[in-house]
Amino acid sequence: MSSILKDLNPPQKKSVSTINGPLMVLAGAGSGKTRVLTRRIANIVHQGISPHRIIAVTFTNKAAQEMKIRVEELIGKIDGLWIGTFHSIAARLLRMYHAQADVSRYFVIYDADDQKRLIKRILKELNVQPDAKIVRECINLFEAYRRGSINTLFKPYSHYYKIYREQLGKSDAIDFTGLLEYVLRLKDVLPELWDYVLVDEFQDTSKIQFDFLKMMVSKNRNICVVGDDDQSIYSWRGANPAYLLRFKQEFKGACTVRLEQNYRSTGNIIKAASSLVANNENRHEKTLWTSAEKGEPIAIASFETPAKEAKWIVKTIKDLKDNFDNFAVLYRLNAMSRNFEEELRRNKIPYRLIGGLRFYSRSEIKDILSYLRLALNKNSETDLLRVINKPRRGVGKKSIERLFKLARGENKTIWETLLELPPSIRGRSRKGINSFCRIIEELTCVAKDAPAVESIDLLLELTNSVGYGSLKDEEEEDRFENILELRRSMGEFTQKHPESTLHEFLDEVSLLSSSEEEDGEEGVNLMTIHAAKGLEFDYVFLPGWEKGIFPLIRQDEVDMEEERRLAYVSITRARKRVFISKVGRRGFWGAPQQVTASPFLDELPPECISWDKDSFVKSQDEEGGFSHYADIFKDNFEKFDKTGPSSPKSSVSKPRKRKITRKTKPSTKGKKPPTAENEKKIRTGVIVSHPKFGKGRVKVIAGQGKMRKAIVYFKSCGKKIILTSFLHPVADK
DNA sequence: CGTGACCAAATTTTT
DNA sequence: TTTGGTCACG
């Protein structure tokens, strides 16, 4: 017990020790809310409650993971405690209680990308040009409608929506919002499952999520929510800081605790952030304070171009001479990352790009996942359409159209139609379809209950790596490496959850966000402000404080208060220092536009900031200098492209589209049991020989046992993928 | 039916 | 700067 309450201030202590009844903890930035939550869980367990009766809801899967670890540090290994996001908890419950919720046991989760695809297809079928604007509008309206932000769906959209839901139903598919909708059907089950409920980041809870919570605790009201209305930055997703207020109405007699002492940042940082956010009308008054020193003022700098801004940031990072992981660059838009990546690379500084394109949304990965999902659920039309002709097997647009008509006419699913092909479908198309069905059926046998890896191995074999195995060019090679990476993570998943099958793996990856994939490498952190929520760094750089960018204006609209909260969140990520910058011209795709300083700059108290005069002057002087430099850079760039990696100036590395290629981990940690001695010898970089192709060098290795494969560059015929059992090591040199 | 060339559009933020 | 969609040809 002593360790559970150790080093806590009075309000923190109160939050940890009051375990019965509703409790709301208003926790300012850096006031130790994660600490409170973990201690609280530990305390409940310590009081003799079974961990099975406790559930903690976090905002991301990563936060869940971390919380679990921290609880275990306090009281040792625990089993049965549920920790997860709303969505992952809902998905898990729906799998367990699919009958009660009246959903298919084999439902598949459609992510944002699948959702978009489906809507596009529906529009096309209705002869509506599915341009991006309409698709966006559909998604926005559907979601707003479902979350209750709007009461009616108008003219064509109501129709689209109806069809959308029908299609999902027919496909046994559930989209993200659907997970929450359906889990509310478990009104008999839910109240019985847990006695203690904890919720992190409560300010970002949407109405439907709140309903979910209310159902969970309807029996004994032991609920503790932790949040900060000033950090509500997801209103576009239905979050509403008003629920913090609502909490007290909903749970009469709720106890409220305020955590206002900040343990993270210096005085200047706290003061600047607080006075900025104080400009919001709509907030609970609160006073965040710290006993820490004032520290350095917040530096503000101005530049002509984003390239110079990036140069300055990188230079400052170098001058500060600290561990690179202690730095973060937080921008408003993912699209802003590029300059920083380039500049860091040029200076050979390691960095981690967090967010951006999800590994699991890469098209080659989604192709594989579609196959695997189909193996478990053949009704999923989005998946079926995605891969029926991948790799090319002669099933083109015309055939697909015909299939659709057929299925529609006889009111059958596409899959049923495929199985009983009418004679009107002939030739290569017929052949292609048949072989496709065979693949899926074969896959199904394995997918049902074997560990996930076995399914992907079979799939790669049956499809010759879904057409990505031919390694025609660098890009294809990248794709194949990504597939091998997927295979690796499946293996890891099975190791972690030995009893699991493909289903569990697929659920997990559909609900993983881009910012929580394993990153491995350490270095300067690059991410959006949203992705930085809940994190902290010694030094924080905040570029792009310009009108239009931050606060961001889209379609002539700004939500000033939310943008200001975002600014508040961004500043309070810092422990020691904050550097804010702006530029004079910025543009993402077309010609750069003139931009002016963000109004937020004026809202920072003068005594907390210092304008970096140098940056203003320098930006004038260097004008010509930099563009000259840019030209040189461009030359090298082109040269590099032609001459290949051996080019001496290759500090300008990886110019290619391989943007966020996920780096293969340095070495697979816990080495698998060596199945053959062959396996030991055939490794990356080793020279091997093959009976048919002769000698070559191993580039990539994947798999184990008899499925172990290698990408080999052969002298005679270039790149090939070969089972390692066909290879023999050759003494190097 | 597959391929390659050309043109248009796109950039919030994420479960 | 990239991606995707369409069109014409083989």
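Numbers restart at 1 for each chain; the letters A, B, ... are given by sequence-line order, proteins then strands.
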Query - Of the listed nucleotides B:dT13, C:dT2, B:dT12, the one nearest the side chain of A:R554 - result: B:dT12
Could you go over nucleotides 5-10 of chain C and give all protein N or O partners under 3.5 Å, atom names and distances?
residue, atom, partner, partner atom, Å
C:dG5, OP1, A:K120, NZ, 2.9

Query raised in the report: Taking the six-membered ring for Trp, is the centroid-to-centroid distance between A:Y243 and A:F202 below 6.0 Å?
Result: no
Query raised in the report: In whole Å, what is the span from the CD atom of A:E546 to the P atom of B:dT11?
Result: 20 Å
Query raised in the report: Does the pair A:E342/A:K311 count as a salt bridge with the N-to-O cut at 4.0 Å?
Result: no
Report summary line: note: A:R117, atom CZ; C:dT3, atom C1'; distance rounded to Å ~ 13 Å
Requested in this report: With heavy atoms under 4.0 Å as the rule, sort A:S399 into base, sugar-phosphate or nothing.
Outcome: sugar-phosphate
Query raised in the report: A:G396 or A:E562: which one's nearest nucleotide on DNA chain B is closer to the 5' end?
Result: A:G396
Query raised in the report: Is any side-chain N of the basic residue among A:K390 and A:D367 closer than 4.0 Å to the acidic one's carboxylate O?
Result: yes
Query raised in the report: From B:dT13, B:dA10, C:dT2, pick the nucleotide closest to the side chain of A:T528?
Result: B:dT13
Report task. Using whole Å, report how far NZ of A:K398 lies from P of B:dG2. Result -> 13 Å
Requested in this report: Could you tell me whether the side chains of A:E381 and A:S171 share a donor-acceptor contact shorter than 3.5 Å?
Outcome: no
Query raised in the report: Just checking A:N61: base, sugar-phosphate only, or nothing, at a heavy-atom cut-off of under 4.0 Å?
Result: nothing
Requested in this report: Decide, yes or no, whether a salt bridge links A:E546 with A:R332 under the criterion of side-chain N to carboxylate O below 4.0 Å.
Outcome: no
Query raised in the report: Hey, does the side-chain of A:R332 have a donor or acceptor N/O within less than 3.5 Å of a partner on the base of B:dT13?
Result: yes
Query - Whole-Å distance separating the CG atom of A:D131 from the P atom of B:dA10 - result: 7 Å
Query raised in the report: Which is true for A:K133 with a 4.0 Å heavy-atom rule: it touches a base, it touches only sugar-phosphate, or it touches nothing?
Result: sugar-phosphate
**Report entry** Minimum-distance nucleotide (side-chain atoms of A:W236 versus B:dT13, B:dT12, B:dG2)
**Finding:** B:dT13
Query - Whole-Å distance separating the CZ atom of A:F86 from the C1' atom of B:dT14 - result: 15 Å
Query raised in the report: How many Å lie between OH on A:Y331 and C1' on B:dT11, as a whole number?
Result: 13 Å
Report summary line: A:N334 has its side chain closest, among B:dT14, B:dT12, B:dA10, to B:dT14
Report task. Round to the nearest Å and state the distance from A:E341 atom CD to C:dT2 atom P. Result -> 12 Å
Report task. State plainly whether the residues A:D229 and A:R283 are in salt-bridge range, i.e. N to O under 4.0 Å. Result -> no
Query raised in the report: Contact class for A:Y234 (heavy atom, under 4.0 Å): base, sugar-phosphate, or nothing?
Result: sugar-phosphate
Query raised in the report: What residues, two or more places apart in sequence or in another chain, satisfy salt bridge (Lys or Arg N to Asp or Glu O under 4.0 Å) together with A:E561?
Result: none
Requested in this report: In plain terms, say whether A:D114 and A:R117 are close enough for a salt bridge, that is, a side-chain N and a carboxylate O under 4.0 Å apart.
Outcome: no
Report summary line: A:R565 CZ to B:dT12 P, in whole Å, measures 19 Å
Query raised in the report: Any idea which of B:dT3, B:dT13, B:dC1 is nearest the A:R392 side chain?
Result: B:dT3
